[in-house]
Amino acid sequence: MGNKLICMPKKGSRDIGSKSKRSGRLSQRKMAMEEELLHRQALSMAIQQQQLSQRFEGSMSRRIGSTSSRRRTMSDTFSNGKQDQDILENIKIKKIVLIHGEGFGAWCWYKTISLLEEAGLFPTALDLTGSGIDHTDPNSVSTLAEYSKPLIDYLRKLPEDEKVILVGHSCGGATISYALECCPEKISKAVYLSATMVADGQRPFDVFTEELASAEIFMQESQSLKYGNGKDKSPTSLMLDKQQIRGLYFSQSSSKDVALAMVSIRPIPLGPIMEKLSLSQEKYGSVPRYYIQTLEDHTLSPDIQEKLVRENPPQGVFKIKGSDHCPFFSKPQSLHKILLEIAQTP
């Protein structure tokens with residue numbers, strides 16, 4: 001009996017251990033299934049919003065100047081429908097064109113598109129060349145002109161008396177600066193969202209060099225570079241790994257939005273962000289610019305954003321508390337309220 005009594009707990013321990021292992025494996029499988037479902041739901045949501053963004057609704061408009069130099073700090077509170085309606089009455093330019101940053105696409109603006117449409121405005125999100133659902137190989141995009149072509153084509157097709165508000169995120173700031181130089185007569189205001197608002201003669205990549213070391217050292221040491229023309233040629237694109245992307249871009253964003261980004265982000269064409277911009281006061285300088293700073297940004301630090309504003313002063317500066325590099329994910333309501341305020345600024 002004694003032996004049996006001694007052996008029984010050992011058998012029980014093995015049973016408990018086996019059950020625990022089985023439970024652990026089941027839990028892992030469940031988590032994997034939930035993660036896959038999350039990815040599918042996020043991608044489906046992005047596709048639906050992408051279809052919404054393709055609507056080109058007409059609006060007659062006129063150019064509005066700006067003398068605002070106020071700095072605002074926004075927290076993420078829910079917007080008020082009646083308040084939005086009151087604001088709408090003061091907005092003359094109702095068409096807003098949203099330009100994504102490096103690696104992103106029109107899909108990233110799905111929350112902003114929904115909020116702006118609910119407020120009665122006409123947002124349009126574009127895929128730049130080699131981005132989003134555009135089929136061009138990012139490794140083949142070597143100039144800012146190629147990369148920005150979808151935006152320039154869109155602006156040139158607008159009716160003669162129609163203008164838009166441009167919003168550019170991250171390296172999309174270089175694209176809207178390029179558009180200001182090409183088509184200033186089509187743009188009422190330009191909004192730089194935690195963006196590369198470079199001065200004449202600067203490269204978009206120069207904005208990041210203080211945090212990433214020099215471009216030359218980065219090129220030599222980076223393991224994320226792609227060589228579309230062969231290893232003996234210059235790198236053609238950059239693709240960060242998932243952990244880098246999470247930490248740099250989405251420290252304050254929800255798991256659903258991170259899941260959407262993980263299945264949607266594409267390699268970043270290097271040519272456009274390594275190109276020096278040529279900007280004139282007569283064209284680029286003729287359109288009011290606004291800058292929106294993100295205060296929990298790990299990609300473009302608040303100090304770097306402040307330096308951009310100081311060296312190339314815009315008409316107005318706004319700040320979003322608690323936002324990572326992607327406020328359209330982490331603080332969509334705050335971003336929405338700022339865009340409405342900029343749109344109604346006389």
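As the structure is a prediction and not an experimental result, all values here were calculated from the model.
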Please report the interatomic distance [atom1]([X]) to [atom2]([Y]), rounded to the nearest 0.5 Å.
| X | Y | atom1 | atom2 | answer |
| --- | --- | --- | --- | --- |
| L193 | H100 | CG | NE2 | 13.5 Å |
| I96 | L116 | CD1 | CG | 5.0 Å |
| F318 | L339 | CZ | CG | 9.5 Å |
| I268 | Y147 | CD1 | OH | 8.0 Å |
| E146 | T143 | CD | OG1 | 3.5 Å |
| I93 | E162 | CD1 | CD | 8.5 Å |

Residues forming a side-chain contact (heavy atoms from CB on, under 4.5 Å) with C183, sequence neighbours excluded =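 Counting only residues at least two positions away or on another chain, C183 forms a side-chain contact (heavy atoms from CB on, under 4.5 Å) with I152, L155, R156, E185, K186.
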Who pairs with T196 by side-chain contact (heavy atoms from CB on, under 4.5 Å), at least two apart in sequence or on another chain?
->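 Only C171, A174, V198, P204, V207, F208 meet the side-chain contact (heavy atoms from CB on, under 4.5 Å) criterion with T196.
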Pick one: which of L340, I342, T345 meets side chain to side chain contact (heavy atoms under 4.5 Å, CB included) with I91?
->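 The single option meeting the side chain to side chain contact (heavy atoms under 4.5 Å, CB included) with I91 is L340.
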Taking V191 as the fixed residue, which of L166, I99, I165 is the one that meets the side chain to side chain contact (heavy atoms under 4.5 Å, CB included) rule?
-> I165
Backbone N or O of [Y] within a donor-acceptor pair of the [X] side chain at under 3.5 Å?
| X | Y | result |
| --- | --- | --- |
| T299 | L248 | yes |
| S323 | I320 | no |
| N312 | L308 | no |
| S280 | K283 | yes |
| D127 | A106 | yes |
| R266 | G132 | yes |

Pair [X], [Y]: side-chain N/O donor-acceptor within cut-off below 3.5 Å:
| X | Y | answer |
| --- | --- | --- |
| D324 | S251 | no |
| N229 | T236 | no |
| S170 | E102 | yes |
| S114 | E117 | no |
| T294 | H325 | no |
| Y192 | S177 | yes |
| T129 | D134 | no |

Carefully, step by step, assess C108 and F329 under the rule side chain to side chain contact (heavy atoms under 4.5 Å, CB included).
-> CA-CA 8 Å; C108 72; F329 287 161; 4.2 Å; yes
Verdict with reasoning, S278 to D200, per side chain to side chain contact (heavy atoms under 4.5 Å, CB included) = CA-CA 5 Å; S278 179; D200 179 46; 4.2 Å; yes
Would you please name every residue forming a ring-ring contact (aromatic ring centres under 6.0 Å, His included) with F104, sequence neighbours left out?
->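 ring-ring contact (aromatic ring centres under 6.0 Å, His included) check on F104 returns W107, H169, Y249.
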Any salt bridge between D257 and K111, counting N to O under 4.0 Å?
-> yes
Do [X] and [Y] come close enough that some side-chain heavy atom pair is under 4.5 Å?
| X | Y | value |
| --- | --- | --- |
| T124 | Y154 | yes |
| K189 | Y290 | yes |
| L277 | E181 | no |
| I187 | V97 | no |
| Q293 | V317 | yes |

Between L126 and L98, is a side chain to side chain contact (heavy atoms under 4.5 Å, CB included) present by the stated rule, with each step listed?
-> CA-CA 7 Å; L126 300 177; L98 305 165; over 6 Å; no
Side chain to side chain contact (heavy atoms under 4.5 Å, CB included) between M262 and R246, intermediate numbers included | CA-CA 9 Å; M262 291 300 103; R246 285 176 187 268; 4.3 Å; yes
State, to 0.1 Å, how close L115 and Q333 come at their nearest heavy-atom pair, and which atoms those are.
->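 That closest heavy-atom pairing would be CD2-NE2, 3.6 Å.
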